[in-house]
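In what follows, a structure is listed as structure tokens, so that the remarks can point back to it.
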Amino acid sequence: QVQLVESGGGLVQAGGSLMLSCAASGRTFGSYAMGWFRQAPGKERQFVAAISRSAGSTAYADSVKGRFTISRDNAKNTVYLQMNGLKPEDTAVYYCAASRTVSQVVVTTAQNLFDYWGQGTQVTVSS
């Protein structure tokens, strides 16, 4: 069982930056590939970014590529999402998720492959 708690959301002006953190409970954090997803009002939850167990592989949605960076610190049981150049269309509730995988290098991006989810943190970007 893994519990995930996101933090770092808030209100920011367009062009600004935020860093989201997701702290995981337990001693098996390194066994999970991690991902960030977001859900805007009235829209389906969508993939944002993902990172492999070893942090050697990452993946991004086209809409955030070049602006967002996912990273992880396995010693601190934490995954991060650095968000730069924020746009109003980035406004959403952001969720982190954990996917138990055997491979150290595989990146998981499909929502149905994630086993655990956090409660979400609100990010609002004003124009």
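In this structure the side chain of Thr108 reaches within 4.5 angstrom of the side chain of Thr101, judged on heavy atoms. Between Arg38 and Val93 the shortest side-chain heavy-atom distance does not fall below 4.5 Å. Val123 places none of its side-chain heavy atoms less than 4.5 Å from the side chain of Asp90. The side-chain heavy atoms of Val5 and Gln3, taken from C-beta on, include no pair separated by under 4.5 Å. Under the 4.5 Å side-chain criterion, counting only non-hydrogen atoms from C-beta, Thr91 is in contact with Gln122. At a threshold of 4.5 Å between non-hydrogen side-chain atoms, the residues Gln119 and Glu6 count as touching. Looking at Met19 and Tyr80, their side chains come closer than 4.5 Å, going by heavy atoms from C-beta outward.
For the pair Arg72 and Tyr32, the cation-pi criterion (under 6.0 Å, within 45° of the ring axis) is not fulfilled.
The aromatic rings of Phe37 and Phe114 sit perpendicular, their planes meeting at an angle over 60°, well past the 30° parallel limit. The aromatic rings of Tyr94 and Phe68 sit tilted relative to each other, their planes meeting at an angle between 30° and 60°.
Leu18 CG to Thr121 OG1: the interatomic distance, rounded to the nearest 0.5 Å, is 9.0 Å. Note that CZ of Phe29 is 4.5 Å distant from CE of Met34, once rounded to the nearest 0.5 Å.
For Arg100, there are no salt bridge (charged side-chain N to carboxylate O under 4.0 Å, His left out) partners, not counting sequence neighbours. In this view, Ala110 and Asn112, Leu113 satisfy the side chain to side chain contact (heavy atoms under 4.5 Å, CB included) rule, not counting sequence neighbours. Applying the side chain to side chain contact (heavy atoms under 4.5 Å, CB included) rule to Ser52 yields the partners Ser54, Ser57, Val107; only residues at least two apart in sequence or on another chain are considered. Contacts of Lys65 classified as salt bridge (charged side-chain N to carboxylate O under 4.0 Å, His left out), with partners at least two apart in sequence or in another chain: Asp62. Evaluation of the side chain to side chain contact (heavy atoms under 4.5 Å, CB included) rule for Glu89 yields Lys87 as partners, not counting sequence neighbours.
Side chain to side chain, Ser17 and Asn84 meet the donor-acceptor criterion of an N or O pair below 3.5 Å.
Transitive grouping of hydrophobic side chains (ILVMFWY, heavy atoms separated by less than 4.5 Å) keeps Val106 and Tyr116 in distinct clusters. With hydrophobic clusters built from ILVMFWY side chains whose heavy atoms lie under 4.5 angstrom apart, Leu20 does not share a cluster with Phe47. By the criterion of side-chain heavy atoms lying less than 4.5 angstrom apart, applied directly or through intervening Ile, Leu, Val, Met, Phe, Trp or Tyr residues, Val79 is not grouped with Trp117; the two fall into different hydrophobic clusters. Clustering ILVMFWY residues whenever any of their side-chain heavy atoms sit less than 4.5 angstrom apart, transitively, puts Trp36 in the very cluster that holds Ile51. Note: the hydrophobic cluster containing Val12 also contains Val64 (ILVMFWY, side chain heavy atoms under 4.5 Å, direct or indirect links).
Cluster partners of Val102: none. The rule joins Ile, Leu, Val, Met, Phe, Trp and Tyr whenever side-chain heavy atoms lie under 4.5 Å apart, and it links nothing here.
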